[in-house]
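Please read the structure below before turning to the comments.
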Protein chains: 2
Amino acid sequence: MKWDDVGNQACSVARTMAVIGDRWTMLILRNAFMGTRRFDHFQLQLSVTRHVLSERLKRLVDAGIFRKEAYKPNRYEYRLTQMGRDLYPVLLAVTAWGDTWLDEGRGAPLVFQHKGCGEMMTPTLVCSECGEKVTASDVIPMAGPGLQALPGSK
Amino acid sequence: MKWDDVGNQACSVARTMAVIGDRWTMLILRNAFMGTRRFDHFQLQLSVTRHVLSERLKRLVDAGIFRKEAYKPNRYEYRLTQMGRDLYPVLLAVTAWGDTWLDEGRGAPLVFQHKGCGEMMTPTLVCSECGEKVTASDVIPMAGPGLQALPGSK
DNA sequence: GCGCTAAGTTTCATTTTGGAACTTGATGGC
DNA sequence: GCCATCAAGTTCCAAAATGAAACTTAGCGC
């Protein structure tokens with residue numbers, strides 16, 4: 001199967017991966033959340049080739065995750081839209097997992113202070129209804145309204 | 001920069017992406033959470049080539065996300081380890097984003113019932129300390145113990 | 001022992017990367 | 001005004017990864 005087809009599946013994971021499911025894209029987003037906006041800055045900070053960076057930014061703009069804006073004639077910057085900012089929980093979940101499982105005993109490279117309460121926080125996933133922490137075995141996935149075809153897998 | 005190098009950065013996002021940051025890998029994990037365990041089942045459900053599937057499963061086993069176990073002589077299944085199960089919040093965060101932004105008016109393909117309270121839930125990211133919902137602007141990232149070098153970006 | 005099944009491996013053409021140089025349209029200095 | 005510079009890409013090519021499909025290998029069922 002090709003990736004264009006994967007994006008058409010009735011699965012939010014597949015559709016999301018068709019947009020952001022690539023290594024560089026996540027790192028681009030990470031840096032965007034840290035304040036990076038310009039082509040050359042992304043390129044330098046990430047050491048990604050200009051070629052790939054160009055293609056990824058284009059895709060993210062098309063998807064509506066970045067807005068490309070001229071900050072002076074012929075010079076552009078890439079700013080997260082609301083759609084893009086909404087990816088923060090994904091980044092945080094990824095970070096939390098990496099901190100837990102890949103730190104090699106060194107501790108988290110970054111820690112997060114929550115403005116609201118002032119404490120250092122661990123991003124935690126909870127049920128929207130009862131506020132309880134959620135793990136894989138606490139959840140029953142069920143067919144929702146957006147499901148068309150279900151070959152046991154999608 | 002090559003991907004092996006990216007995995008060595010002092011950044012949990014980069015390190016995590018070096019392991020799971022690839023489109024197929026996320027879909028493999030999605031299906032693993034839905035109960036899939038065997039090579040041919042993954043292959044059929046995902047329509048990924050056997051070639052790529054083989055390589056990805058190998059990497060996930062090496063990383064410690066799957067455990068490869070013989071269920072009879074010469075037949076194996078891939079089961080999530082605790083490290084693997086801990087990726088569930090990432091999957092849920094991805095799903096929640098896709099449900100919000102990519103459903104094209106059709107509604108979520110899958111909905112999640114929380115066993116604890118019985119309600120249909122939206123996975124929500126909160127601060128571990130105060131329980132408040134967290135967005136990008138609520139958080140201040142700061143250097144943590146695992147940070148060695150910080151070229152403004154990593 | 002024959003055919004089936006599961007779990008891969010191999011082969012090869014096509015696509016995608018990585019690396020590096022080239023292009024283009026403002027500025028900025030003098 | 002004119003030359004140098006800088007930012008934001010594009011182009012080119014070799015190397016690596018992917019997709020598609022056929023092939024391999026070992027145990028099972030009968």
Side-chain angles (χ1 to χ4, degrees), chain A residues 1-9 14 17-28 31-32 35-63 66-80 152-153, chain B residues 1-9 14 17-28 31-32 35-63 66-80 152-153:
Chain A
M1 191 188 282
K2 296 276 181 58
W3 268 98
D4 290 351
D5 303 325
V6 169
N8 292 325
Q9 290 185 15
M17 286 304 106
V19 182
I20 60 160
D22 140 288
R23 288 144 125 133
W24 288 120
T25 300
M26 278 298 215
L27 297 185
I28 290 168
N31 284 34
T36 303
R37 293 178 175 177
R38 300 191 186 168
F39 191 93
D40 276 19
H41 295 171
F42 281 115
Q43 201 272 319
L44 225 78
Q45 291 169 2
L46 298 175
S47 301
V48 61
T49 62
R50 309 175 76 75
H51 194 34
V52 169
L53 177 59
S54 169
E55 196 275 329
R56 293 297 186 280
L57 288 174
K58 215 168 284 175
R59 185 183 341 165
L60 290 170
V61 169
D62 284 352
F66 279 125
R67 194 175 48 246
K68 183 176 178 176
E69 224 166 68
Y71 64 92
K72 62 168 113 168
N74 225 348
R75 293 296 146 86
Y76 303 95
E77 52 187 22
Y78 296 87
R79 317 184 59 151
L80 289 163
S153 62
Chain B
M1 190 189 283
K2 297 277 185 54
W3 268 98
D4 289 352
D5 303 325
V6 170
N8 292 325
Q9 290 184 14
M17 286 304 105
V19 182
I20 61 160
D22 140 290
R23 290 145 123 131
W24 288 120
T25 300
M26 277 300 214
L27 298 185
I28 290 168
N31 283 34
T36 303
R37 292 178 175 177
R38 299 191 187 169
F39 190 93
D40 277 20
H41 295 172
F42 281 114
Q43 202 272 317
L44 224 79
Q45 290 168 3
L46 298 175
S47 301
V48 60
T49 62
R50 309 175 77 73
H51 194 34
V52 169
L53 177 60
S54 169
E55 197 275 329
R56 293 298 186 281
L57 288 173
K58 216 168 284 175
R59 183 180 346 161
L60 291 169
V61 169
D62 284 353
F66 278 126
R67 194 173 48 247
K68 183 175 176 176
E69 224 166 67
Y71 63 91
K72 62 167 114 168
N74 227 343
R75 293 296 147 87
Y76 304 94
E77 53 187 22
Y78 296 87
R79 316 184 60 151
L80 289 163
S153 60

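As the structure is a computational prediction, the values presented were derived from the model and not from experiment.
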(message) Which residues in residues 71-79 of chain B have a heavy atom closer than 4.0 Å to any atom of DNA chain C?
(response) B/Y71, B/R75, B/Y76, B/Y78

(request) In whole angstrom, give the distance that lies between atom CG of B/D5 and atom C1' of C/dG19. (result) 14 Å

(request) Working to the nearest 0.5 Å, report the span between CE of A/M26 and CD1 of A/I20. (result) 4.0 Å

(request) Kindly compute the distance separating CG (B/N31) from CZ (B/R37), expressed to the nearest 0.5 Å. (result) 13.5 Å

(request) State the CG-CG distance between A/L53 and A/L27, to the nearest 0.5 angstrom. (result) 11.5 Å

(request) Check every atom of C/dG8, D/dT18, C/dG18 against the side chain of B/D22 and return the nucleotide holding the closest atom. (result) D/dT18

(message) Using whole Å, what does the distance between atom P of nucleotide C/dT9 and atom CG of B/L57 come to?
(response) 11 Å

(request) Return the value, rounded to whole Å, for the distance between atom CZ of A/R37 and atom C1' of D/dA7. (result) 17 Å

(message) Just the rounded figure in Å: distance from P of D/dA7 to CG of A/L53.
(response) 14 Å

(message) Against the six-membered ring of B/Y71, is B/R38 placed for a cation-pi contact (under 6.0 Å from the centre, within 45° of the normal)?
(response) yes

(message) Just N and O in the side chain of A/S54: are any of them under 4.0 Å from OP1 or OP2 of D/dT10?
(response) yes

(request) Test side chain to side chain contact (heavy atoms under 4.5 Å, CB included) on A/V6 and A/M17 and set out the steps. (result) CA-CA 8 Å; A/V6 169; A/M17 286 304 106; 5.7 Å; no

(request) Take B/I28 and B/L60 through the side chain to side chain contact (heavy atoms under 4.5 Å, CB included) test and state the conclusion after the steps. (result) CA-CA 10 Å; B/I28 290 168; B/L60 291 169; 4.2 Å; yes

(message) Quick check against the 3.5 Å criterion: does A/Q43 have a side-chain atom that pairs as donor or acceptor with the backbone of A/T49?
(response) no

(message) I need the CD-C1' distance between A/E55 and C/dG19, as an integer number of Å.
(response) 17 Å

(message) Between the base of C/dA20 and the side chain of A/R50, is there a donor and acceptor pair under 3.5 angstrom?
(response) no

Using the 3.5 Å cut-off, write out each protein N or O paired with an N or O of nucleotides 12-16 of chain C and the distance between them.
none

(message) Output the rounded distance in Å from CZ (B/F66) to P (C/dG8).
(response) 12 Å

(request) Mind calculating the distance between CD (B/Q43) and P (D/dA20) to the nearest angstrom? (result) 11 Å

(message) For a side chain to side chain contact (heavy atoms under 4.5 Å, CB included) check, start with the C-alpha distance between A/M1 and B/W24, then their side-chain angles and the critical distance, and finish with the verdict.
(response) CA-CA 11 Å; A/M1 191 188 282; B/W24 288 120; 4.3 Å; yes

(request) Report the distance from atom CG of A/L44 to atom P of D/dA7, rounded to the nearest whole Å. (result) 10 Å

(request) Find which nucleotide of DNA chain D each of A/W3 and A/K58 is nearest to by heavy atoms, and output the residue with the more 5' nucleotide. (result) A/K58

(request) Please lay out, stage by stage, how B/Y78 and B/K68 fare under the test side chain to side chain contact (heavy atoms under 4.5 Å, CB included). (result) CA-CA 5 Å; B/Y78 296 87; B/K68 183 175 176 176; 3.6 Å; yes

